[in-house]
Engineer: 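Below are the structure tokens for one structure; questions will follow.
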Amino acid sequence: MTALVLLDHEGGQIRKAALSAVTAAARLGDVHVLVTGDAALAQAASRIAGVSKVLHAADARYAHELAEPLAALVASLAASYDHVVAAAGATGKNVLPRAAALLDVQPIPDVVSIVDAQTFVRPIYAGNALATVRSADAKKVLTVRSASFDAAAAEGGSAPVEVVAAVESPDVSRFEAVQLSDSARPDLESARVVVSGGRGMGSEEKFHALDPLADALGAAVGASRAAVDSGFVPNELQVGQTGKIVAPELYMAFGISGAIQHLAGMKDSRVIVAVNKDPEAPIFQVADYGIVGDLFEVVPQLVEALKK
Amino acid sequence: MKILVPVKRVVDYNIKPRVKADGSGVETAGVKMSMNPFDEIAVEEAVRLREKGAASEVVVVSIGVQQAQDTLRTAMAMGADRAILVLTEESPEPLAVAKVLKKLVEKEGPSLVVLGKQAIDDDMNATGQMLAGLLGWGQGTFASKVDVADGRVLVSREIDGGTEQVSLVLPAIVTADLRLNEPRYASLPNIMKAKKKPLETIPAADLGVDMAPRLTIVSVAEPTERKAGIKLGSATELVEKLRNEAKVI
Ligand SMILES: Cc1cc2nc3c(=O)[nH]c(=O)nc-3n(C[C@H](O)[C@H](O)[C@H](O)COP(=O)(O)OP(=O)(O)OC[C@H]3O[C@@H](n4cnc5c(N)ncnc54)[C@H](O)[C@@H]3O)c2cc1C
Ligand SMILES: Cc1cc2nc3c(=O)[nH]c(=O)nc-3n(C[C@H](O)[C@H](O)[C@H](O)COP(=O)(O)OP(=O)(O)OC[C@H]3O[C@@H](n4cnc5c(N)ncnc54)[C@H](O)[C@@H]3O)c2cc1C
């Protein structure tokens, strides 16, 4: 059996989450990958360990991973594969369900575990339940959570690259512009340590109180929905049911109450720390270590203690 | 221009879902049900487009049990003009829902279909994309801003590393993300008015759509619960624990 992985990219780089999709696909069989964009991306794809063939959709219409042309291409290539896999990120979730509809297949989103070639485990109800589902479709179309599968090594492979021709698709969409936040910090979804702030941070300015701590730990910065909605930080930092799903070694929550929608995005972290001035905050029910106190006092103390 | 908004009745987002003892699913009997929060945002956006004069009519549709009427009435209290209930006892998967919606699109001829980006029960995040695929329409998913002008819709989309804009030819599909708008509360007079707005019921069987599920639920289980840990008195103590006990830093 062979699986086709759609490798998504952003800012000229293959997303780290896509490397986890390669690992998941390897559980299902031989791995071919499909990548759009320039030749450098195809070369990067060919170096990923465990990939046996790269399909490069070099045509310019695919460069921005627009769903309308890309889903049509994925659906046409799917003829040769048993499984079509992508990371459960913005691209995978945009393109794969559309491709599945073209194939008359019910997609299986957010897979966290593979039982066998047709049976998969996925969270439902914001992770409050885990459903094991078996697909009766001839082809399986799935997105996988990067937090649940280790990333394949980015170097070590030497797969051949084959350029694939464009296929017909409705010409109904146009890419206009993109604004990527340029952060020097590690990627939220793959960071070892995540330092997150909630409504308790108070303002955009005061949110920066977390910067020295994140610097000291080499951590990525995350946020609750309340912090994003209040305009403290941009939306791509949101952790939770409708934001990023993270499972770092260490997750530190400051001024976050611990709503189920937030927990859905971080409760699989190995160690959870919570700092909250309310001793009854639900976040303490999932935290391994908690401090009841004012975060604006605790954070500088942590930075000091880390220096020792 | 007509806008179609599919709305789903789901377990209220404030309720902590419980897995049934026999592992067959999540308990929904006797649990408070509400409109999927993303669908409230979708309804709000459609109503605002009509209020701005960009649309003439907002039609809401739900595929589900008789009680989904309540959800449709809520949508009409928010400002939708009329409603369609496609009646079924099953819980159709997104593929089946998309096929049903395609039939309704062919019947109603909307220029825009605005859906929620995901339903908070099954978290599939699929129906809008699948409907767009079946219709061959453009899709603006995870929308945080929508502008309709000159036969096109410009959609700002929330993506992994930021935001992007796509421009789509109408008719098109939009799926609503959390920050698209803040839905209004229905006022009491509007709730009363909504009771008199037209609500048509169509048995799903009449649409001639294959709704057979493709996925079988093998089991539904509770995830392993995390245990509450310990409370510490100081930052120094915390750093010591993280270094020597948890060994994560
Ligand atoms: C459909 C839907 C989807 C959602 N998706 C998400 C999601 O993906 N992610 C998400 O996070 N939320 C999501 N939410 C929102 C979620 O329900 C909560 O509203 C949100 O997580 C609350 O954020 P918060 O904990 O920062 O704010 P609050 O609940 O207001 O908590 C703030 C906390 O800060 C503490 N605090 C205040 N000041 C200080 C201080 N100086 N020092 C220490 N502690 C302090 C308070 O005691 C309080 O516990 C979703 C909601 C819905 C309806
Ligand atoms: C594995 C699995 C387990 C299930 N378990 C249960 C269960 O325990 N109990 C149960 O009752 N059902 C269950 N179902 C069925 C389920 O409730 C959903 O109807 C179905 O899977 C659709 O997924 P979704 O709502 O997450 O779609 P999404 O694609 O996330 O929905 C996106 C949007 O599509 C629109 N939409 C979706 N469905 C409808 C609808 N019916 N009417 C109108 N608009 C709609 C809304 O605008 C919504 O915001 C299960 C299904 C699966 C696949």
Side-chain angles (χ1 to χ4, degrees), chain A residues 10-11 15 67-68 71 89-90 93-94 97-98 100-102 106-107 109-110 119 124-137 170 172-181 217 229 235-236 242 249-250 260 267 271 273 284-292 298 301-302 305-306, chain B residues 16-17 19 26 93-95 98 118 120-126 129-130 132-134 136-139 141-142 144 154 158-169 172 178-179 214-223 226 228-232 234-236 238-239 241-242 246 248-249:
Chain A
E10 203 166 63
R15 289 189 68 244
E68 298 78 4
K93 290 188 167 194
N94 192 35
R98 185 177 176 112
L102 298 176
Q106 168 60 44
D110 290 304
T119 317
I124 55 175
Y125 288 89
N128 281 285
L130 287 170
T132 303
V133 298
R134 186 183 303 120
S135 168
D137 284 313
V172 288
S173 58
R174 195 165 69 205
F175 169 82
E176 295 284 340
V178 65
Q179 302 82 37
L180 295 179
S181 60
L217 292 166
D229 285 0
N235 62 266
E236 59 271 18
T242 48
E249 289 289 298
L250 173 62
I260 60 169
K267 68 175 179 212
V271 175
V273 168
F284 287 122
Q285 290 163 21
V286 300
D288 300 285
Y289 303 109
I291 294 182
V292 178
V298 176
Q301 288 164 1
L302 278 171
L306 282 166
Chain B
K16 182 161 164 55
V19 171
V26 165
E93 292 167 357
L95 179 63
Q118 83 193 61
I120 59 161
D121 49 2
D122 263 304
D123 288 334
M124 284 263 180
N125 192 333
Q129 298 87 311
M130 299 189 81
L134 294 179
W137 291 8
Q139 64 187 55
T141 51
F142 331 143
S144 57
L154 183 70
E158 295 197 356
I159 57 168
D160 297 317
T163 313
E164 81 171 15
Q165 286 77 39
V166 294
S167 165
L168 312 169
V169 177
L178 288 170
R179 280 167 283 276
R214 305 295 180 82
L215 302 181
T216 329
I217 300 171
V218 179
S219 66
V220 175
E222 301 258 6
R226 278 191 93 98
I230 49 171
K231 296 230 174 82
L232 303 170
S234 73
T236 321
L238 174 59
V239 169
K241 291 278 184 200
L242 293 176
V248 279
I249 56 172

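Every chain is numbered from 1 and lettered A, B, ... according to where its sequence line falls, protein lines coming before strand lines.
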Engineer: Can you find a heavy atom in the side chain of Phe284(A) that is under 4.5 Å from one in the side chain of Val292(A)?
Structural biologist: yes

Engineer: Taking side chain as everything from C-beta outward and backbone as N, CA, C, O, which of these in Val248(B) sits under 4.5 Å from a heavy atom of chain A? Side chain, backbone, both or neither.
Structural biologist: both

Engineer: Give the member of Arg226(B), Met130(B), Glu164(B) that has the highest number of heavy-atom pairs under 4.5 Å with chain A.
Structural biologist: Arg226(B)

Engineer: Are the side chains of Asn128(A) and Val26(B) in contact, using a 4.5 Å heavy-atom criterion?
Structural biologist: no

Engineer: Please state whether the side chain, the backbone, both or neither of Leu102(A) comes within less than 4.5 Å of a heavy atom of chain B.
Structural biologist: side chain

Engineer: Measure Leu238(B) against the heavy atoms of chain A and call it side chain, backbone, both or neither at under 4.5 Å.
Structural biologist: side chain

Engineer: Would you say the side chain of Asp110(A) lies within less than 4.5 Å of the side chain of Lys93(A), judging by non-hydrogen atoms?
Structural biologist: yes

Engineer: Within the distance-only criterion (no hydrogens, no angle test), does the side chain of Asp160(B) pair as donor or acceptor with the backbone N or O of Ala90(A) below 3.5 angstrom?
Structural biologist: yes

Engineer: Non-hydrogen atoms of chain B under 4.5 Å away: do they reach the side chain of Ala71(A), the backbone, both or neither?
Structural biologist: neither

Engineer: Non-hydrogen atoms of chain B under 4.5 Å away: do they reach the side chain of Gln179(A), the backbone, both or neither?
Structural biologist: both

Engineer: Does some side-chain heavy atom of Arg174(A) sit less than 4.5 Å from a side-chain heavy atom of Val169(B)?
Structural biologist: no

Engineer: Which residue out of Ser167(B), Ala172(B), Ala228(B), Pro223(B) racks up the most heavy-atom pairs below 4.5 Å with chain A?
Structural biologist: Ser167(B)

Engineer: Heavy-atom pairs under 4.5 Å with chain B - which of Arg98(A), Gln301(A), Glu176(A), Glu68(A) has more of them than the others?
Structural biologist: Arg98(A)

Engineer: Heavy-atom pairs under 4.5 Å with chain A - which of Leu134(B), Leu232(B), Thr236(B) has more of them than the others?
Structural biologist: Leu232(B)

Engineer: Counting only N and O atoms by type, is there a donor-acceptor contact under 3.5 Å from the side chain of Glu93(B) to the main-chain atoms of Gln106(A)?
Structural biologist: no

Engineer: Out of Thr242(A), Val271(A), Ile260(A), return the one with the most heavy atom pairs under 4.5 angstrom to chain B.
Structural biologist: Thr242(A)

Engineer: Quick check for you: among Asn235(A), Val286(A), Val273(A), Asp137(A), which has the greatest number of heavy-atom pairs under 4.5 Å with chain B?
Structural biologist: Asn235(A)

Engineer: Determine the minimum heavy-atom distance between Pro107(A) and Leu215(B), stating which atoms define it.
Structural biologist: O-CD1, 4.3 Å

Engineer: If we ignore hydrogens and angles and just use 3.5 Å, is the side chain of Asp123(B) paired with the main-chain N or O of Ala126(A) as donor and acceptor?
Structural biologist: yes

Engineer: Any donor-acceptor pair under 3.5 Å linking the side chain of Glu10(A) with the backbone of Gly161(B)?
Structural biologist: yes

Engineer: Quick one: which of Thr163(B), Leu168(B), Ile159(B) has the most heavy-atom pairs under 4.5 Å with chain A, could you say?
Structural biologist: Thr163(B)

Engineer: Do Tyr289(A) and Ile230(B) have side-chain heavy atoms sitting under 4.5 Å apart?
Structural biologist: yes

Engineer: Based on non-hydrogen pairs under 4.5 Å, which of Val298(A), Leu217(A), Leu250(A) is most in contact with chain B?
Structural biologist: Leu250(A)

Engineer: Return the option, out of Val178(A), Leu302(A), Asn94(A), with the maximum number of heavy-atom pairs under 4.5 Å with chain B.
Structural biologist: Asn94(A)

Engineer: Main chain of Leu154(B), side chain of Gln165(B): is a donor-acceptor contact present, judged purely on distance under 3.5 Å?
Structural biologist: no

Engineer: Where does Ala98(B) contact chain A at under 4.5 Å (heavy atoms): side chain, backbone, both or neither?
Structural biologist: neither

Engineer: At a heavy-atom separation under 4.5 Å, does Leu130(A) approach chain B through its side chain, its backbone, both, or neither?
Structural biologist: both

Engineer: Highest number of heavy-atom pairs under 4.5 Å with chain B: which of Pro109(A), Ser135(A), Ala177(A)?
Structural biologist: Ala177(A)

Engineer: Go through the atoms of Ser234(B) and report whether side chain, backbone, both or neither lie under 4.5 Å from a heavy atom of chain A.
Structural biologist: backbone

